[in-house]
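Below is one structure, written out as structure tokens; the observations come after it.
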Amino acid sequence: MSAPLIEEGAKKSGVLWVTLPAGQRLAWHVWHSGAIYVVTGGGEQELPGLTEASEVEVTLRSKDNGAELVRFTASVETVDQAASPDVVATLAKERLNAPDAATLPARWAAGSVILRLTPRA
């Protein structure tokens, strides 16, 4: 596993595949401060089993041709949204086509979970 390859792949593509108990799921994400962040629930993408997981397998694919770029294990940690306004702002900025862009952080605080996926060495 190459940390620079993971970072480059995560920055270049806004989607990844995460392996959950129900199988692989496509998820939008952002790369921020050395980790991948995803939002689940509360009207956002449903990623069943991710909030309960301590680690997951993540696959990043090439934006150019869809080929697998890198596959790695990541630790999963719930983000305290009130204590991480920079993470919330970064995710909100990258959230495409949100019907409630102006109130997105409030909606997430009320019903969504933000998770940090940190690549393991």
Side-chain angles (χ1 to χ4, degrees):
M1 176 187 74
S2 166
L5 182 60
I6 291 171
E7 180 175 357
E8 180 180 345
K11 284 181 175 179
K12 285 189 176 183
S13 178
V15 295
L16 55 76
W17 282 257
V18 61
T19 303
L20 301 170
Q24 275 199 333
R25 292 285 183 112
L26 181 66
W28 71 270
H29 74 281
V30 298
W31 177 267
H32 179 71
S33 297
I36 292 168
Y37 291 85
V38 298
V39 182
T40 185
E44 294 296 334
Q45 59 198 348
E46 293 298 329
L47 301 170
L50 185 58
T51 57
E52 297 83 18
S54 60
E55 65 178 34
V56 292
E57 184 177 79
V58 176
T59 304
L60 296 173
R61 296 189 177 275
S62 168
K63 190 172 182 177
D64 297 329
N65 62 16
E68 184 175 304
L69 186 61
V70 63
R71 184 184 305 230
F72 58 94
T73 301
S75 60
V76 180
E77 183 180 1
T78 301
V79 174
D80 179 348
Q81 295 181 50
S84 305
D86 59 326
V87 170
V88 174
T90 300
L91 281 161
K93 178 181 169 193
E94 295 299 321
R95 172 59 167 93
L96 301 177
N97 303 317
D100 57 347
T103 59
L104 196 55
R107 177 167 58 88
W108 287 347
S112 299
V113 177
I114 296 177
L115 299 162
R116 177 185 302 111
L117 308 179
T118 306
R120 298 184 82 170

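Just so it is clear, the structure is predicted and the values come from calculations on it, not from any experiment.
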So, does Glu7 use its side chain to make a donor-acceptor pair with the main chain of Gly34 at under 3.5 Å? no
Rounded distance [0.5 Å steps], OG1 in Thr90 versus CH2 in Trp31: 13.5 Å
Ser112 side chain to Gly41 backbone, donor-acceptor under 3.5 Å: yes
Is Val39 reachable from Ile36 through a run of I, L, V, M, F, W or Y residues, each pair having side-chain heavy atoms under 4.5 Å apart? no
Output for pair (Asp80 CG, Arg116 CZ), nearest 0.5 Å, gives 10.0 Å
Stepwise, does the side chain to side chain contact (heavy atoms under 4.5 Å, CB included) test hold for Val38 with Glu44? CA-CA 10 Å; Val38 298; Glu44 294 296 334; over 6 Å; no
What's the spacing between Leu91 CG and Ile114 CD1 if we round to 0.5 Å? 5.0 Å
Hydrophobic clusters here meaning ILVMFWY residues chained together by side-chain heavy-atom distances under 4.5 Å, can you tell me if Leu104 and Trp28 are in one? yes
CZ-CG distance between Arg71 and Leu16, expressed to the nearest 0.5 angstrom: 12.5 Å
Which heavy atom in Leu60 sits nearest to a heavy atom in Val15, and how many Å separate them? CD2-O, 4.4 Å
Same cluster (ILVMFWY, side-chain, under 4.5 Å), Val113 and Leu20: yes
I'd like to check Ser2 versus Val70 (side-chain heavy atoms, cut-off strictly below 4.5 Å). Are they in contact? no
If I take atom CD from residue Glu94 and atom NE2 from residue His32, how far apart are they, to the nearest 0.5 angstrom? 11.5 Å
When clusters are formed by joining ILVMFWY residues with side-chain heavy atoms under 4.5 Å apart, either directly or through shared neighbours, do Trp17 and Leu117 land in the same one? no
Can you name the closest pair of heavy atoms from Val18 and Leu50 and give their distance? CG2-CD1, 4.3 Å
Given Arg61 and Leu69, is the side chain to side chain contact (heavy atoms under 4.5 Å, CB included) satisfied, shown in steps? CA-CA 5 Å; Arg61 296 189 177 275; Leu69 186 61; 5.6 Å; no
Interatomic distance, CZ@Arg120 vs CD1@Ile6, rounded to 0.5 Å, equals 12.5 Å
Determine the minimum heavy-atom distance between Thr40 and Thr51, stating which atoms define it. CG2-CG2, 3.9 Å
Specify the closest pair of heavy atoms between Val76 and Ala53, including all atoms of both residues, with the distance to one decimal. CB-O, 3.4 Å
Return yes if some donor-acceptor pair links the side-chain N/O of Ser84 with the main-chain N/O of Val79 below 3.5 Å, else return no. no
Which pair of non-hydrogen atoms, one from Pro21 and one from Gly49, has the smallest distance, and what is that distance? CD-CA, 4.3 Å
Between Val87 and Tyr37, which heavy-atom pair has the shortest distance, and what is it? CG1-CD2, 3.4 Å
Glu46 bridged to Arg25 by N-O distance under 4.0 Å: no
Within the side chain of Glu68, is there an N or O that forms a donor-acceptor pair under 3.5 Å with the backbone of Thr59? no
Do Val56 and Thr73 have side-chain heavy atoms sitting under 4.5 Å apart? no
